[in-house]
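Here's the structure, in structure tokens; my notes come after.
Side chains are part of it too, since the values below use all heavy atoms of this structure and drop only hydrogens, waters and symmetry mates.
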Amino acid sequence: MSVQLVRVLLAEEGYDLRSAGNAAEALNVLTTFKPSLVLMDIQLPGKSGLDLTRELRANPKMKGASIVALTAYGGKDDEQRCLNAGCDGYILKPIDTSTFPATVRSFIEKKSRIPEAQGDVRDLLRDLRNTFIAESLVELEELLSAEFHADKARLLRVLHRWAGVAGTLGMPGVTDQARNAEALVESGEEVDVPAVGAALHELKTLIAAAAAAPAFELALPPEIVKTLSGKRIALAGFGEQEARRIGGVLDRAESFTLLIKAPSEGLSPAMVERFDIVILNLGSNDGSACQNKTSPGLDKPILLVGSRACVSDEVTSLDTPARDFLTTPWDSEELLLRCCKLLSPIVGHSAPVEREGPPQVVIADDDPAIGALLTAVLRRTGAECHLARSGTEALAMVRDVLPDALILDVNMPGIDGFEVLTNLRADTLTARIPVVLLTARQQEADVLKGFSCGASDYITKPFNPMEVTARVARYLPRRKT
């Protein structure tokens, strides 16, 4: 495997990378670095890649990581050897540079949708839920095809069990209906066959619907629910299907949503007066055009949703701090965090103005590869970048340079990103400098804590270069022509 080629391909995707030439080096790297994915060359010098895989799989700290074998062989026996050793899959060498980044991303997404500890719980609950649904449907078929009233005791046992278990597995409607059926059975000495039969058929409908519903989802972080609970959110310019999807996500945070029409002349203040947030689709219902907009004077928090083609300089410009954007395809976590950001206290930085000389950006990250990649990305905007490798260095550099924006990694040695941010906001010289946090994906608590400390925005790793450009460029001054 060409390590240099792999680093180039994946660095362009924004990944935080480490490399090792043999098993000993890899184990040393893993003492301080927790990867989402390990690309394992099975023909390592010394201890083989498959032997190292077995060792890593025995380490509880590596439980959340995917391990993907890189091999020049692609037979069934070779595939089975990789799987038996603990690999999640394999990629053939020589690698296809056109598909390699997407293949890597697919392996990461299988395990990184939620944090490791929560992933174990989610998988267990999903398995229990699926088992409950399958067994309950079989029992219902048996009850409905027989004289269920003949064995009242068994019927009560089954209904009581369903009432107790279903709600825990994310099916409160099944719990309520089972309790109703249980009450019907207990209401007289004889079972009311028509009434109980109808209740069982309704249970069958509810459980079958649960089988087709999305997999069990863990409760949201309480900070998200606290921020969004009871908030009224207008959905403008969306089709019914997409509106239902957005509404379903926000329902989990106990928010109230309503689909409204976005007229061609733009939303007016009167249309959204009673809402806390407006989520506006930048495109038409079929996503074919970037046509929806807001009218001047609309001071509500607005979340603009659309493709990257729709996220133009005009859309992302910081004409009001109470505006944010979300590029498609989006996920539930990102939607909720963007809504929380809009409702967080706004740091009083000014909109960019024209200035002489290039915009100044400080990048604070202890990983040289991430710093180099961000520098390359932001240079395309004309910015001059300054790199800091620690929190202490970042504080000194910001006070010296007084940049137009700071990109700040949350996890740095010594003074972490939160302490740096708190210090900057407490200093009148630096209090108004926009700070964009750099954090790992699925770390909602870090993002929310950053907002409470005064962060202006956040970017998740691995990041997309276009996303970085769009988010940071909002804060950069325009050069005089």
Side-chain angles (χ1 to χ4, degrees), residues 113-114 117-222 224-226 228-233 235 240-259 332 336:
R113 297 302 302 166
I114 59 178
Q118 291 189 359
D120 295 339
V121 175
R122 184 195 66 173
D123 291 342
L124 174 60
L125 290 173
R126 183 190 60 209
D127 292 343
L128 290 173
R129 183 178 188 269
N130 291 341
T131 300
F132 172 85
I133 289 171
E135 293 179 349
S136 299
L137 289 173
V138 170
E139 284 183 295
L140 274 166
E141 287 292 346
E142 292 175 354
L143 289 171
L144 290 169
S145 63
E147 296 181 348
F148 57 80
H149 59 282
D151 192 345
K152 184 176 179 180
R154 182 205 172 192
L155 184 57
L156 284 172
R157 284 197 306 272
V158 171
L159 292 171
H160 187 75
R161 174 162 51 83
W162 289 346
V165 173
T168 304
L169 298 177
M171 295 173 281
V174 174
T175 287
D176 293 341
Q177 183 62 18
R179 286 173 178 161
N180 293 337
E182 191 178 3
L184 280 174
V185 175
E186 290 178 327
S187 62
E189 292 186 8
E190 300 294 329
V191 175
D192 185 340
V193 175
V196 173
L200 292 177
H201 277 289
E202 178 62 21
L203 268 172
K204 182 179 178 181
T205 300
L206 290 171
I207 294 174
F216 186 91
E217 293 183 300
L218 292 172
L220 295 175
I224 288 181
V225 177
K226 182 179 179 181
L228 298 179
S229 178
K231 296 298 185 290
R232 296 161 298 177
I233 301 175
L235 309 179
E240 290 187 6
Q241 183 175 357
E242 185 73 351
R244 281 197 298 269
R245 182 188 172 207
I246 295 173
V249 172
L250 293 169
D251 282 348
R252 295 177 59 213
E254 302 175 10
S255 301
F256 303 102
T257 57
L258 179 67
L259 178 62
S332 301
L336 292 167

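Scanning both residues, Gly247 and Thr257, for their nearest heavy atoms gives CA-OG1, 3.8 Å. Taking every heavy atom of both residues into account, Ala253 and Leu336 meet most closely at CB-CD2, 4.1 Å. When every heavy atom of Ala178 is checked against every heavy atom of Trp162, the shortest pair comes out as CB-CB, 4.0 Å. For Leu137 against Ala208, the heavy-atom pair with the smallest separation is CD2-N, 4.2 Å. Across Leu143 and Leu155, no two heavy atoms sit closer than the pair CD1-CD1, 4.0 Å.
Residues Lys152 and Val185 meet the side-chain proximity criterion, which asks for heavy atoms closer than 4.5 Å. Taking 4.5 Å as the limit, some side-chain heavy atom of Leu200 sits within range of a side-chain heavy atom of Leu159.
Note: Glu254 CD to Lys231 NZ = 11.0 Å, rounded to the nearest 0.5 Å. Atoms CG and CG, on Leu235 and Leu250 in that order, are 7.0 Å from each other to the nearest 0.5 Å. The distance from atom CZ of Phe132 to atom CZ of Arg161, rounded to the nearest 0.5 Å, is 7.5 Å. With rounding to the nearest 0.5 angstrom, the CD1 atom of Ile207 is 9.5 Å from the CD atom of Gln177. Annotation: the span from Leu203 atom CG to Asp176 atom CG amounts to 10.5 Å, rounded to 0.5 Å.
Between the side chain of Ser332 and the main chain of Val249, no donor-acceptor pair closer than 3.5 Å is present.
With sequence neighbours excluded, the residues that form a salt bridge (charged side-chain N to carboxylate O under 4.0 Å, His left out) with Glu142 are Arg154. Applying the salt bridge (charged side-chain N to carboxylate O under 4.0 Å, His left out) rule to Glu182 yields no partners; only residues at least two apart in sequence or on another chain are considered. Scored by the side chain to side chain contact (heavy atoms under 4.5 Å, CB included) test, Leu184 finds Ala195, Val196, Ala199 as partners (sequence neighbours excluded). Under the rule for a salt bridge (charged side-chain N to carboxylate O under 4.0 Å, His left out), Arg157 has no partner lying at least two apart in sequence or in another chain. Under the salt bridge (charged side-chain N to carboxylate O under 4.0 Å, His left out) criterion, Lys204 pairs with Glu141, not counting sequence neighbours.
Under the side chain to side chain donor-acceptor pair (under 3.5 Å) criterion, no residue pair touches residues 186-200, with sequence neighbours excluded.
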